[in-house]
Amino acid sequence: VARTRMVVVGGDAAGMSAAAQARKRRPPEELEIVAFERGRHTSYSACGLPYYAGDVVKDWRELVARTPEEHADQDIEVRTRHEVDAIDLEARRVRVRDLDGDRVVEEPWDVLVVATGSQPLRPPIAGIDLPGVHGLSVLEDGIELRRAVDAGPGRAVIVGGGYIGLEAAEALVRRGVPTALVEAAPQVMNRIDPDMGELVSQAVRDIGVELHLEEKVEAIEGDDRVRAVRTASRTLEADLVVLGLGTRPAVGLAESSGIRLGPSGAIAVNPRMQTPHDGVWAAGDCAESHHLVSGQPVSYHLGTIANKQGRVCGINIGGGYATFPGVLGTAVSKVCDVEVARTGLSEAELEELGLEWEQAVIDSTTRAGYFPGAAPIRTKVLADRRSGRLLGAQIVGKEGAAKRIDVFATAIWNRMNAQEMVNLDLSYAPPFSPVWDPVLIAVRKLAEQVERSLGDRL
Ligand SMILES: Cc1cc2nc3c(=O)[nH]c(=O)nc-3n(C[C@H](O)[C@H](O)[C@H](O)COP(=O)(O)OP(=O)(O)OC[C@H]3O[C@@H](n4cnc5c(N)ncnc54)[C@H](O)[C@@H]3O)c2cc1C
């Protein structure tokens with residue numbers, strides 16, 4: 001039997017999960033696996049980068065789950081500092097540039113996995129490419145940012161208040177760097193509703209970050225390196241700038257090679273993570289997902305999704321059968337001691353879909369009110385107006401708040417309605433929650449709301 005050659009483009013979460021799963025199922029005599037990675041590292045935690053910059057994680061090596069040598073031990077060959085710059089779908093070859101030797105070679109494949117990830121948005125703002133302006137995406141970026149923070153910058157400016165911007169702000173504050181954050185929207189964390197986002201904006205101010213909302217960056221100033229960030233209203237001095245303007249799927253290579261993109265802008269795949277092109281698979285941030293509540297194609301960039309998609313892809317390539325069912329966009333983050341979480345759809349997203357919903361917002365505590373350390377937690381839940389089916393949830397609160405989102409995610413996944421959730425047998429002891437957990441208080445209120453609205457209409 002001829003040996004199949006699997007080529008992986010991108011050596012992080014999705015690509016290496018696919019490689020590992022395929023290897024588990026097919027021995028080296030049957031399947032050769034070669035992964036090309038532009039950077040120097042493989043299987044690193046991009047999610048840990050802000051914590052390395054903030055010195056919570058002391059050594060970047062701790063962020064690496066598997067080095068190229070460890071992959072080699074599993075008979076997976078990884079060529080780092082090798083960039084794939086073209087894919088020939090007909091001839092089944094990739095063109096690979098060796099970034100150190102500046103050599104270009106053609107490599108054949110029978111099975112190709114595109115796992116090129118996502119990339120930070122870099123709008124064409126004057127000065128955005130000046131030295132001292134950092135994006136945060138791959139491990140090298142994290143190492144560079146850490147080095148820049150170690151050098152003791154006088155002032156930092158974060159551009160964009162998504163979760164990466166906020167985690168970077170926390171890191172800088174921890175390191176004692178006076179930090180400002182500029183966000184064009186009226187709130188940070190745009191993907192949650194304004195009433196919840198407001199609490200996060202306050203948390204950002206509370207840790208000492210100078211927050212400027214509804215201000216767009218017009219230019220980044222400096223000669224040989226960054227000196228300031230200019231908005232319509234002010235000029236903020238900066239020796240260090242971190243871009244947190246969001247990400248887009250890294251699909252340049254796929255697109256220029258004729259690989260089909262879906263409506264979300266990410267690579268179109270079926271539930272087995274196959275593209276419409278024979279032998280070509282895609283997984284991770286560069287691949288499209290199906291939203292289980294809206295039913296729409298989405299491009300979310302989350303490690304949770306990338307690992308699962310990579311696994312599904314690898315099982316299938318290895319001769320097994322697996323499907324990736326879709327996503328809810330469940331995500332958590334924190335700004336120092338304030339935790340933020342969401343799952344399902346926000347009000348803005350429901351509005352856009354033309355859906356009608358009921359909602360409940362409740363304030364409670366993370367532990368029994370009398371228990372030391374009890375802290376505020378706000379929980380918001382959204383349900384379909386008629387059926388009570390849960391559509392989304394958001395949580396902002398102190399320690400122990402955020403992971404409660406997983407109860408909502410499980411309920412939405414199983415298409416539960418608010419009424420069915422009221423008596424869920426959730427745990428309780430004073431150090432962990434009030435006897436009525438905030439999750440239960442919120443769904444109780446929501447169920448009442450749904451009943452009332454049904455009654456109003458009968
Ligand atoms: C700062 C930060 C914090 C995050 N925090 C969280 C979190 O808390 N929770 C969460 O769920 N997710 C988080 N994420 C998102 C998560 O890290 C990503 O979803 C995940 O890494 C995606 O995995 P991937 O394999 O699809 O892509 P990536 O991790 O982006 O890997 C793609 C790899 O492909 C390589 N590559 C790209 N193009 C080529 C090419 N042409 N040739 C060769 N190599 C190429 C890149 O160098 C890169 O190493 C965070 C991301 C960042 C940047």
Side-chain angles (χ1 to χ4, degrees), residues 7-19 34-54 63-65 68 78-87 94-99 107 112-121 134-142 145-146 158 160 162-171 242-244 246-257 266-267 273 282-289 299-311 313 327 329-334 339-342 402:
V7 164
V8 178
V9 189
D12 196 24
M16 298 321 290
S17 296
V34 185
F36 295 105
E37 165 55 49
R38 179 161 56 200
R40 293 181 194 282
H41 310 285
T42 55
S43 303
Y44 49 87
S45 167
C47 314
L49 299 180
Y51 302 100
Y52 174 57
L63 299 178
V64 178
V78 183
R79 297 197 209 151
T80 53
R81 299 279 296 154
H82 280 70
E83 180 172 45
V84 174
D85 66 8
I87 300 168
V94 286
R95 193 174 64 200
V96 187
R97 189 172 294 279
D98 172 350
L99 297 175
E107 293 278 348
L112 180 73
V113 177
V114 183
T116 45
S118 54
Q119 58 200 57
L121 289 175
H134 297 257
L136 203 47
S137 175
V138 294
L139 181 50
E140 278 93 340
D141 297 334
L145 178 61
R146 166 71 185 249
I158 314 264
Y163 80 89
I164 292 180
L166 295 190
E167 289 176 2
E170 170 179 335
V242 182
L243 301 177
T247 49
R248 63 183 180 85
V251 292
L253 168 68
E255 203 175 11
S256 64
S257 311
I267 299 172
M273 306 312 299
D285 287 1
C286 64
E288 194 161 85
S289 295
S299 175
Y300 287 163
H301 307 149
L302 290 166
T304 47
I305 301 172
N307 279 287
K308 290 181 198 124
Q309 288 188 342
R311 177 175 172 275
C313 181
V327 300
T330 311
V332 293
S333 184
K334 75 177 189 68
E339 305 179 351
V340 194
R342 68 158 278 165

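In each ligand, atom 1 is the first atom listed, and ligand 1 is the first ligand listed. For the numbers below, each heavy atom of this structure counts, side chains included, while hydrogens, waters and symmetry mates do not. Since the model is a prediction, treat every value here as computed from it, not as a measurement.
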- Note on the structure: Rounding to 0.5 Å, atoms CG (D98) and OG1 (T80) come to a distance of 9.0 Å
Between the protein and ligand 1, are there any N or O atom pairs that come within less than 3.5 Å of each other, and if so, what are their names and distances?
residue: ligand 1; atom: 11 (O); partner: G303; partner atom: N; Å: 3.0
residue: ligand 1; atom: 11 (O); partner: T304; partner atom: N; Å: 3.4
residue: ligand 1; atom: 12 (N); partner: G303; partner atom: N; Å: 2.9
residue: ligand 1; atom: 14 (N); partner: Y163; partner atom: OH; Å: 3.1
residue: ligand 1; atom: 19 (O); partner: D285; partner atom: OD1; Å: 2.8
residue: ligand 1; atom: 19 (O); partner: D285; partner atom: OD2; Å: 3.2
residue: ligand 1; atom: 19 (O); partner: L302; partner atom: N; Å: 3.2
residue: ligand 1; atom: 19 (O); partner: L302; partner atom: O; Å: 3.2
residue: ligand 1; atom: 19 (O); partner: G303; partner atom: N; Å: 3.0
residue: ligand 1; atom: 25 (O); partner: A13; partner atom: N; Å: 3.2
residue: ligand 1; atom: 25 (O); partner: A14; partner atom: N; Å: 2.8
residue: ligand 1; atom: 26 (O); partner: D285; partner atom: N; Å: 2.9
residue: ligand 1; atom: 29 (O); partner: D12; partner atom: OD2; Å: 2.5
residue: ligand 1; atom: 38 (N); partner: R38; partner atom: NH2; Å: 3.4
residue: ligand 1; atom: 41 (N); partner: V84; partner atom: O; Å: 2.9
residue: ligand 1; atom: 42 (N); partner: V84; partner atom: N; Å: 3.0
residue: ligand 1; atom: 44 (N); partner: R38; partner atom: N; Å: 3.0
residue: ligand 1; atom: 47 (O); partner: E37; partner atom: OE2; Å: 2.6
residue: ligand 1; atom: 49 (O); partner: E37; partner atom: OE1; Å: 2.7
residue: ligand 1; atom: 49 (O); partner: E37; partner atom: OE2; Å: 3.0
residue: ligand 1; atom: 49 (O); partner: Y44; partner atom: OH; Å: 2.6

- Query: Would you find a donor on one side and an acceptor on the other, under 3.5 Å apart, between the side chain of Q309 and the backbone of G284?
  - Reply: yes
- When rounded to the nearest 0.5 angstrom, what distance separates CG in L63 from OH in Y44? 11.0 Å
- Taking atom CZ of R146 as the centre, report whether more than 12 heavy atoms of other residues, nucleotides or ligands fall under 6.0 Å from it. yes
- Begin from the C-alpha positions of R79 and E37 and carry the test salt bridge (Lys or Arg N to Asp or Glu O under 4.0 Å) through to its verdict. CA-CA 6 Å; R79 297 197 209 151; E37 165 55 49; over 6 Å; no
- Message: Is a donor from one side chain sitting under 3.5 angstrom from an acceptor on the other, for S299 and H301?
- Response: yes
